[in-house]
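Working notes, beginning with the structure itself.
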Number of protein chains: 2
Amino acid sequence: MATLKDVARLAGVSVKTVSNVVNGYSFVKPDNRRRVEEALEATGYRPNLGARNLRRGRTGFIALVLPELSIPYFAELAGLVIAAAQEHEWNVLIEQTFGTLSGERQALASLGPHLVDAAILSPEALQVEDFQLSVPAVLLGEHDVEVPISRVGIDNVAAAMTAVRHLISLGRTRIAAIGAHPQRGTAALRLEGYRAALEEAGLPFVSSLVVPAVNYHRADGAAAMRALLDLRNPPDAVFCFNDLLAVGAMRTAAERFVRVPHDLAIVGFDNNDESAYSSPSLTSVAPDKAAIARAAVDLLRQRADSPDLALDDVQTPFSLQVRESTVAR
Amino acid sequence: MATLKDVARLAGVSVKTVSNVVNGYSFVKPDNRRRVEEALEATGYRPNLGARNLRRGRTGFIALVLPELSIPYFAELAGLVIAAAQEHEWNVLIEQTFGTLSGERQALASLGPHLVDAAILSPEALQVEDFQLSVPAVLLGEHDVEVPISRVGIDNVAAAMTAVRHLISLGRTRIAAIGAHPQRGTAALRLEGYRAALEEAGLPFVSSLVVPAVNYHRADGAAAMRALLDLRNPPDAVFCFNDLLAVGAMRTAAERFVRVPHDLAIVGFDNNDESAYSSPSLTSVAPDKAAIARAAVDLLRQRADSPDLALDDVQTPFSLQVRESTVAR
DNA sequence: CATCGTTGTTCCAACGATGTAAAGACCGTG
DNA sequence: CACGGTCTTTACATCGTTGGAACAACGATG
């Protein structure tokens, strides 16, 4: 592999001059520039990023800390983050925490400043005291605890209200919620939105219609739905806190011969790609994932360049994708 | 951020002694070792990976080049590769090619030896002449062209035969195939297996029942299924070359009121997580993704340590997950 | 023609870690 | 107590790059 030295020898100039050409420094004689460029071409020179970053004090990487890539929402988001990072000449390092506190702590611990320039975090269990980071970071999604980190995400309360209002507008009155979770900040906010929409419509808040979910996997949605259908007075609609839960719920409904959407309307959250193709297709709250990815990376780029910018809180847009899983009674 | 120098000063020893302690060199006096360890603890020292790798000539990264993270198969695989790489102290850099030749060439070009120690490739369009790599690499999946690179994957012909034999054993006789593709090596192999299974059973090969797919997305499966249902004599079973195509096909069937599995049995390929939760759930060829990830990383570790090991071709196991989408006539 | 500013180039040091060689400490032995 | 051999530590160079200072060349200016 060719180094600057090799190129310099071939072009008959100093190493620094080659470096200047590579980095687009203006004052290089046309003649030398040509010779250097020819030598670069001839040797197929590619800068050694390790060395460059050692010298510059940057690494060229950002970390993306998320629960699990096998969860479609995070996979889709990761793809978008990678694309957005590329435009800032950043490479993305993905760390999976599997949603556990220890996994998250471990991921954070490995985020020394020599490994990454910045980090995008999507934690589920972290405590306030864990957020002692040595690099600029941004939190994806809202959390109910106050942490000294910038955030990017949608307004979860408003989004949940939109979903539940939609169900109410269809004449549904016994609306369940799947996905309550004592630790998750977003869960608390979505529950708050659910509650607010019910209240607004004068519907009672029935605690037996609120089902927790340990994880947010399909199996958890299926189990929660079983519990709901076993109630003496089952719901006529369900608001699921993510699409996987909704898919699980739909599966249980099908097994129990409960007709979706007629007997049971279902709304999900995240608008996964798969949700447009289920039968029936799933109505879902659709955060603008590309906007989230872009905003997060942009925010980090700014913080990486000037570290003491104030905290920011970027609200990205969302919409409600109405599909077959919700119709009027 | 503390460096070896800081630790050395604090412990009252030379930089190299600290380095020796950090790297587990045996001959350090207990007394010094203790002092160094205390100093390491006190300063919270973490090695600068850039510098270490510059010196050692390795980067600590491997590349995972794949079409798109939003495709569940690759997302699941990526998660497993990351986990497997972690055990070898490798970080994974994901590059998306979006299945285009230019995207793949670009990804390959960026794989200089100073960026990554090795690479895992999942190409779709690359030509033989593109495989001039400067780092050890392994190809995921089989390809019909011969390339001088080690491979890891299942036996696609056998897997396809297993799927089609299953349909035949259920009494299906007009079996379609969705996913033919002129460029993709795996497509050719799966088609070969499809053909072989038909022949073995004495069933005719009907070319109108073989539908190509440009991409392997859900929409392509839906479109292909529409074409099949428009035939004068539509199929009673479909073998889809991946689960996304199968999900699309199921969706079209539902829209057209074709009953799956009774009127139409469907088999997919990849066994995505979502396939267990569709209604009906999807029978699918299930490659052992964890085994693939592990084998690929292990193989690269060996090649990284001793670069001139011979080419290898690891066959990983697969099974057929029979679910609701296939029953006897 | 001495001086100056501009332009272009080179030399040197540094980023933080590690391999090498050599020096130093320490032991037992003759 | 000099010697050799085994531990233990250190100084130094080095990986490939870039920032800064120094230097060199140049025409223009007074």
Side-chain angles (χ1 to χ4, degrees), chain A residues 1-37 39-40 43-61 89 91 112-117 134-135 304-305, chain B residues 1-40 43-61 89 91 112-117 134-135 305:
Chain A
M1 203 64 196
T3 71
L4 281 185
K5 211 158 130 189
D6 303 324
V7 179
R9 187 166 30 229
L10 186 60
V13 296
S14 78
V15 171
K16 189 67 211 292
T17 297
V18 180
S19 170
N20 284 339
V21 170
V22 170
N23 292 295
Y25 181 70
S26 320
F27 303 121
V28 178
K29 267 199 191 146
D31 184 46
N32 275 345
R33 178 177 298 268
R34 189 184 45 72
R35 290 229 309 289
V36 169
E37 275 164 355
L40 284 172
T43 54
Y45 170 80
R46 323 254 356 222
N48 180 322
L49 298 184
R52 170 180 283 178
N53 293 329
L54 171 61
R55 184 63 246 237
R56 288 190 180 162
R58 331 255 233 70
T59 71
F61 295 102
E89 301 195 301
N91 276 112
H114 348 274
L115 190 57
V116 295
D117 297 332
S134 47
V135 294
D305 293 342
Chain B
M1 202 65 196
T3 70
L4 281 186
K5 210 157 131 191
D6 303 324
V7 180
R9 186 162 33 224
L10 186 61
V13 296
S14 78
V15 171
K16 190 66 213 294
T17 297
V18 180
S19 169
N20 285 339
V21 170
V22 170
N23 292 295
Y25 182 68
S26 320
F27 302 122
V28 179
K29 270 204 189 142
D31 184 47
N32 275 345
R33 179 178 298 266
R34 191 185 43 73
R35 292 230 306 291
V36 169
E37 274 164 356
E38 279 170 17
L40 284 171
T43 54
Y45 170 80
R46 321 256 357 223
N48 180 322
L49 298 183
R52 169 179 285 178
N53 292 329
L54 170 60
R55 188 60 245 244
R56 287 192 181 160
R58 332 258 229 70
T59 71
F61 294 101
E89 301 196 300
N91 275 112
H114 10 261
L115 189 57
V116 295
D117 296 332
S134 46
V135 293
D305 292 342

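Proteins come first, then strands; the chains are lettered A, B, ... in the order of their sequence lines, and each starts at number 1.
At C/dT18, one or more side-chain N or O atoms of B/Ser19 fall inside 4.0 Å of OP1 or OP2 (strictly under the cut-off). Between B/Asn48 and the phosphate of C/dC15, there is no side-chain N or O to OP1/OP2 separation shorter than 4.0 Å. Remark: B/Arg55 is not in phosphate contact with D/dT14, judged by side-chain N or O atoms under 4.0 Å from OP1 or OP2. At the phosphate of C/dT18, OP1 or OP2 sits under 4.0 Å from a side-chain N or O atom of B/Arg56.
In terms of modelled atom types and a separation under 3.5 Å, the side chain of A/Asp117 and the main chain of A/Thr59 share a donor-acceptor contact. No donor-acceptor pair under 3.5 Å is formed between the side chain of A/His114 and the backbone N or O of B/Ala51. Remark: side-chain polar atoms of B/Thr43 are paired, donor with acceptor, to backbone N or O of B/Ala39 under 3.5 angstrom.
With rounding to whole Å, A/Asn20 atom CG is found 9 Å from C/dG8 atom C1'. One interatomic measurement links the two molecules: CG of A/Asp6 to C1' of D/dT17, which rounds to 13 Å at whole-angstrom precision. Whole-Å rounding puts the B/Lys16 NZ to C/dA17 P distance at 13 Å. If you measure from atom OH of A/Tyr45 to atom P of D/dT18, you get 6 Å, rounded to the nearest angstrom. Rounding to whole angstrom units, CZ of residue B/Arg58 and P of C/dT18 are separated by 12 Å.
Here the closest non-hydrogen pair linking A/Arg58 and A/Asp305 is NH2-OD1, 4.4 Å. The nearest pair of heavy atoms linking B/Val15 to B/Leu4 is CG1-CB, 3.8 Å.
Among the nucleotides D/dG20, C/dT7, D/dT10, the one closest to any side-chain atom of A/Phe27 is C/dT7. Relative to the side chain of B/Pro47, the nucleotides D/dG20, C/dA17, D/dT17 differ in distance, and C/dA17 lies closest. In the set C/dA14, C/dT10, C/dT20, C/dT10 carries the atom at the smallest distance from any side-chain atom of A/Val13. Of the candidates C/dT10, C/dG16, C/dC26, the closest approach to any side-chain atom of A/Ser14 belongs to C/dT10. The A/Thr17 side chain lies nearest to C/dT10 when the options are C/dT10, D/dA11, C/dG19. For B/Thr3, the side-chain atoms get nearest to C/dG16 when compared with the rest of C/dT10, C/dG16, D/dT17. Taking only side-chain atoms of A/Arg52, from C-beta outward, the nucleotide of D/dT17, D/dT8, C/dG16 with the closest atom is D/dT17.
Across all strands shown, D/dT6 is found opposite C/dA25 as a Watson-Crick or G-U wobble partner, with both distances under 3.5 Å. The partner of D/dT29, taking Watson-Crick or G-U wobble pairs whose two distances both stay under 3.5 Å, is C/dA2.
At a cut-off of 3.5 angstrom, counting only N and O atoms as typed in the model, there is no donor on one side facing an acceptor on the other between the side-chain of B/Lys5 and the base of C/dG16.
Here the side chains of A/Val21 and A/Leu40 are in contact, with some heavy-atom distance below 4.5 Å.
When each of A/Leu54 and B/Lys29 is assigned the nucleotide of DNA chain C with its nearest heavy atom, A/Leu54 is the one assigned upstream, toward the 5' end. Residue-to-nucleotide proximity on DNA chain D shows that, of A/Val22 and B/Val28, the 5′-proximal contact is made by B/Val28.
Contact annotation for A/Asn23: backbone-only contact, meaning every heavy-atom pair under 4.0 Å involves sugar-phosphate atoms and none involves a base.
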